[in-house]
Amino acid sequence: MSRVEEERDGVALSRLDSPLGDGLGVTKGQLVDYLDAVADRLVPLLAGRPLSVVRVRPGQRPFMQRNVSKGAPGWVRTVAVWAESAHREVHQVLCDDRRTLLWLANQRAVEFHVPFLPAGSREPTGLVLDLDPPDGADFSAVVATARLARQALEDAGLAGAVKTSGSSGLHVVAPVHGSPVEDVAAATRALAHRAARLDPAIATTAFLKEERHGRVFVDSTRSGTGTIVAAHSPRVRLGLPVSTPVDWAVLESIRPGEATVASGAERLGDWSALLPEPQHLPAELVAEGQTIPVARVAAMHEGKRRARARRAAGSG
C-alpha cells in the first residue's frame with residue numbers, strides 16, 4: 001500500500017514514498033520510521049538544547065538550519081540564541097518530545113546537532129574529543145586513537161563513552177558538571193594534548209591539515225559552546241549512516257557506516273546507558289588547558305603569519 005500521507009501524534013506526514021534527497025538511497029518514509037523508532041532514545045539527548053539540523057531536499061544541496069522554519073506549529077518550542085556568525089538573534093528549536101521530532105522528520109531534517117550547553121545554562125553537561133582521521137586512513141588508527149583518549153581521561157580520573165560520528169570518525173564523550181564553559185573547553189584542550197602525547201606517531205592536535213602528516217586529528221574545539229551530532233542521529237550519506245553508541249569492549253569490531261537508517265539501526269544500543277555519571281573536572285587539568293591556545297585561534301594566527309611571509313618573499 002502506498003504511504004503518501006499519514007498522521008502520527010497529531011503530525012501530518014506527507015510524501016512518504018518520495019526519495020528523501022538526491023543520491024541517498026532512502027525514502028522520506030524510511031527516515032520518519034527510523035526517527036520514530038529511536039525517539040525514546042534520541043529525544044532525551046536533544047531536549048532542552050538549542051537544535052541545529054541538516055535538512056535535505058531533492059534537487060538541492062543539504063543545508064544547515066538553526067532558525068526555526070516559517071510556519072512552524074505553535075506547539076514547537078524555541079529558544080532565542082545570538083548567532084555570532086550571522087550577527088543576529090535566531091530562534092532554535094527545542095526538540096522536547098516525539099511530536100516535535102516527527103515534525104522535524106517531515107521537514108526532511110536528517111542530522112541533529114546539539115551543544116553540551118542546555119538552554120539558559122552556563123555549565124556544559126559534557127566534553128568531547130572528536131577523532132577525525134585523514135582521508136583514506138584505516139579505521140584501526142581511529143580506534144587506536146580512541147584508546148589513547150580513554151587513557152588520557154583515566155589518567156585524569158575521568159571516564160568516557162565512545163560512539164561513531166556517523167561518518168569516518170569517533171567521538172569520545174565524558175559527562176561533566178559544576179564547571180563553566182571556559183573551564184570545560186580548557187580541560188578538553190588538555191585532554192586532547194595528553195592523548196596525542198601518548199602516541200604522537202598516530203595522533204595529533206594540529207588544526208591545520210598540512211601539519212597532520214597522516215595522523216588522526218584529536219579535535220578539542222567541539223566542547224564549550226560547540227556542537228556535535230547527537231548519538232542515534234542519521235548523517236547525510238548514502239543509506240543515512242547513524243552515529244552509533246559503542247561499548248568499549250567491542251570497539252575493534254565496529255566499522256564506520258555499517259549501521260544505517262536503511263539497515264535497521266534502531267535496534268542498536270542506548271547511548272544514555274553507556275555514559276558514565278557526570279564528573280567534576282580536576283583543577284589541575286583545567287589549569288593545564290588554560291595554558292594551551294585555542295586550536296582555531298592558533299591556526300588563524302599561523303595562517304596570517306604564513307600569508308605575511310609569502311607576501312614578503314614575493315616582494316623580495
Side-chain angles (χ1 to χ4, degrees), residues 31 33-49 51 53-54 95 98 101 105 109-116 118 124-133 139-140 142-154 158-177 188 191 195 216 218-219 222-223 226-237 239-279:
L31 173 68
D33 288 343
Y34 167 78
L35 290 174
D36 200 7
V38 299
D40 61 330
R41 283 163 280 175
L42 179 57
V43 168
L45 305 176
L46 307 179
R49 299 173 191 273
L51 181 63
V53 297
V54 176
C95 186
R98 172 179 178 247
L101 184 64
V110 175
E111 297 188 9
F112 296 78
H113 297 252
V114 288
F116 285 106
T125 58
L127 60 82
V128 61
L129 297 175
D130 181 4
L131 310 182
D132 183 17
F139 191 61
S140 61
V142 193
V143 171
T145 306
R147 297 288 184 193
L148 299 179
R150 188 187 193 191
Q151 185 63 55
L153 284 167
E154 290 179 349
L158 301 170
V162 63
K163 67 183 183 72
T164 69
S165 68
S167 182
S168 58
L170 291 169
H171 294 153
V172 178
V173 175
V176 301
H177 67 114
T188 310
L191 288 165
V216 176
V218 185
D219 185 359
R222 301 284 181 182
S223 291
T227 65
I228 65 166
V229 68
H232 308 295
S233 169
R235 304 301 302 272
V236 181
R237 309 282 193 279
L240 301 194
V242 171
S243 179
T244 310
V246 184
D247 192 295
W248 284 108
V250 298
L251 183 57
E252 277 76 8
S253 66
I254 296 298
R255 293 294 174 266
E258 66 181 352
T260 70
V261 164
S263 69
E266 69 272 9
R267 295 190 299 269
L268 299 175
D270 184 353
W271 178 237
S272 297
L274 293 177
L275 288 170
E277 290 296 314
Q279 306 146 96

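- Side-chain atoms of P234 and L35, non-hydrogen and from C-beta on, do get closer than 4.5 Å to each other.
- Taking CG from L251 and CZ from R150, the interatomic distance works out to 9.0 Å, rounded to the nearest 0.5 Å.
- In terms of modelled atom types and a separation under 3.5 Å, the side chain of R98 and the main chain of V43 share no donor-acceptor contact.
- To the nearest 0.5 angstrom, R255 atom CZ is 8.0 Å from S140 atom OG.
- Side-chain N or O atoms of R235 include one that pairs as donor or acceptor with a backbone N or O of S165 at under 3.5 Å.
- Contact detail for T227 and P115: the closest heavy-atom pair is CG2-N, 3.7 Å.
- Partner of F116 under the side-chain contact (heavy atoms from CB on, under 4.5 Å) criterion, chosen from V173, L127, T188: V173.
- Within the 3.5 Å criterion, the main-chain N or O of W271 finds a donor-acceptor partner in the side chain of H232.
- Side-chain contact between V236 and V54: present, with at least one pair of heavy atoms (C-beta onward) separated by less than 4.5 Å.
- Side-chain contact between V218 and L148: absent, with no pair of heavy atoms (C-beta onward) separated by less than 4.5 Å.
- Put simply, the side chain of S243 never gets that close to the backbone of S233: no donor and acceptor are under 3.5 Å apart.
- Using modelled atom types, no side-chain atom of W248 and backbone atom of R147 make a donor-acceptor pair closer than 3.5 Å.
- In this structure, the side chain of T260 does not engage the main chain of L240 through any donor-acceptor pair within 3.5 Å.
- In terms of modelled atom types and a separation under 3.5 Å, the side chain of Q151 and the main chain of A195 share no donor-acceptor contact.
- Although no hydrogens or angles enter the test, the distance criterion places no donor-acceptor pair under 3.5 Å between the side chain of E111 and the main chain of V229.
- Looking only at side-chain heavy atoms (C-beta outward), P175 and E277 stay at 4.5 Å or farther from each other.
- Side-chain contact check for H113 versus R222: every heavy-atom pair is 4.5 Å or farther apart.
- No side-chain donor-acceptor contact under 3.5 Å links R41 to the backbone of D270.
- Residues F112 and L45 fail the side-chain proximity criterion, which asks for heavy atoms closer than 4.5 Å.
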